[in-house]
Amino acid sequence: MSARLQAVRGMNDVLPEAAEVRLWLEGVVARWFARYGYRQIRTPLLEHTGLFRRAIGEATDIVEKEMYTFTDALNDESLTLRPEATASAVRAAIEHSLLHDGPKRLWYEGPMYRHERPQKGRYREFYQFGAEALGYEGPDVDAELIVMCAALWKELGLEGIRLELNTIGSTEERAAYRQDLVKHFAAHESRLDADARRRLHSNPLRILDSKNPMVQEVVATAPAMQQYLGEATLAHFEGLQRLLRTSGVAFQLNFRLVRGLDYYNLTVFEWISDRLGAQGTVCGGGRYDGLFAQLGGKPAPGVGFAAGVERLVALLAESGRTPARRPADVYLVHQGPGTLEFAFAVGEELRAAGLAAVLHAGGGNFKAQMKKADASGAALAVIVGETELAADAVAVKPLRDDRPQRQVPRAGLAAQLNALLKGN
Ligand code: ATP
Ligand code: MG
């Protein structure tokens, strides 16, 4: 016997039970985006490796160690499974001149790939949905993106997701800050861990969100970004906070929040739950006004967020907010010569009328079929025996209550079943 194959580590099968929840969530999310005027964009799972190197930045966790990169031997080019979708969305916006007639609000949903250590809430294939508001200076759309997240949590019945907010200024402001930060960390280098030391010259801002207590002590006495922020940055940040206050969205300022990717400027934010253990961030976002130019496009501002589907689903489950499974309306049982063909046709008629009808397949006597009907969870059994066949009718037996079985003519059957499903 040959060895049993398993899924790639960190990549999950979503089995029907869970897939139904995901499908439901996707529907909620699609309708929610539509209400805010965001239109969907779908980009390939594979992109040229250079896109992510340029967009996300060399000195980031993703580019340094998390990308699934391989050479397409057929045309000798380096390709990467997308680790996130902002770079792809901006690439597509440039490639198709999407902003030629004005700014655009876009959204996406789909799998992302990162070679991380798999653990609860952290996988190698995971799903995100996210928004990108392209061509807007803000802070109006920055606030809109945050307010719409708050509305989604509310619609989903999720409580206790808190919002952390920061501004990381302009490129120039960050450069000045970065210099002083490196000076400070270099003076305390002996108390930095290997990770922080490695980042000292490549990505010193990331040291600010180190979880190591020893490093955090050095961080505590580091200069704060706030002193480096100019008038325009502060006005943008103030404007954002004002809109959030007006909308009744609570937030905590977190001056250590810098986010992992290079392309951010000004607004950065995260939505965090305390109910998910170590992987508590369900959504993160920020502004990326330099990204268009960085990818060779005409300069244009952008801002967006990405939410982790698996973490949201875990939170939904934890809060008892996943929808109940919706079984079929009808289970079709048939017994006797000619009844399979009849049941087949009746099934199609019912489906055409919008009912969910499962046809019994695989044979078995009447009793065994009725058992299956019951186990299926369907509300009604539609039974075709030789008597029914002769009368061009079916027998209908409610399975979830003790209303009596009755014969119903085939003509007008769907309407009758609908009435029965409504409890009449
Ligand atoms: P983390 O700090 O948890 O690694 P991140 O900053 O790398 O998160 P982003 O790139 O901002 O994450 O992605 C946005 C969201 O996508 C995260 O807040 C999280 O909910 C989800 N996410 C990111 N990486 C993973 C992963 N490996 N598995 C599952 N969900 C993930
Ligand atoms: Mg990460």
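Predicted, not measured: the structure shown is a model, and the values here were computed from it. Atoms within each ligand, like the ligands themselves, are counted from 1 in listed order. All values below were derived from every heavy atom in this structure, side-chain atoms included, with hydrogens, water molecules and symmetry-related copies excluded.
Counting only non-hydrogen atoms, the option in Arg259, Met112, Glu270, Arg122 that gets closest to atom 2 (O) of ligand 1 is Arg122. Scanning Thr281, Val309, Val268 for the heavy atom closest to atom 20 (O) of ligand 1 points to Thr281.
Contacts between Arg124 and ligand 1 below 4.0 angstrom, taking non-hydrogen atoms only, are absent altogether.
If you number the atoms of ligand 1 from 1 as listed, the ones under 4.0 Å from a heavy atom of Glu116 come out as 24 (N), 25 (C), 26 (C), 27 (N). Against a heavy-atom cut-off of under 4.0 Å, Arg114 is close to the following atoms of ligand 1: 5 (P), 7 (O), 9 (P), 10 (O), 12 (O), 13 (O), 23 (C), 24 (N). In summary, the atoms of ligand 1 found under 4.0 Å from a heavy atom of Val282, numbered by their order in the structure, are 18 (O), 20 (O). Each of the atoms 15 (C), 16 (O), 20 (O), 21 (C) of ligand 1 lies under 4.0 Å from some heavy atom of Gly308.
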Would you mind writing out the side-chain donor-acceptor pairs for residues 15-26 within the sub-3.5 Å range, not counting sequence neighbours?
none

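Ligand 1 lies less than 4.0 angstrom from a heavy atom belonging to Arg311. The closest approach between a heavy atom of Gln128 and any atom of ligand 1 is below 4.0 Å.
Residues meeting the salt bridge (charged side-chain N to carboxylate O under 4.0 Å, His left out) test with Asp72, sequence neighbours left out: none.
Of the possible donor and acceptor atoms, one in the side chain of Lys104 sits under 3.5 Å from a partner among the backbone N and O of Gly102. When atom types are taken as modelled, the side chain of Thr267 and the backbone of Arg287 share no donor-acceptor pair closer than 3.5 angstrom.
Heavy atoms of other residues, nucleotides or ligands lying less than 6.0 angstrom from NZ of Lys65 number more than 12. Heavy atoms from other residues, nucleotides or ligands lying under 6.0 Å from CZ of Arg191 number more than 12.
Ring centers of Phe33 and Trp107: under 6.0 Å apart, within the cut-off.
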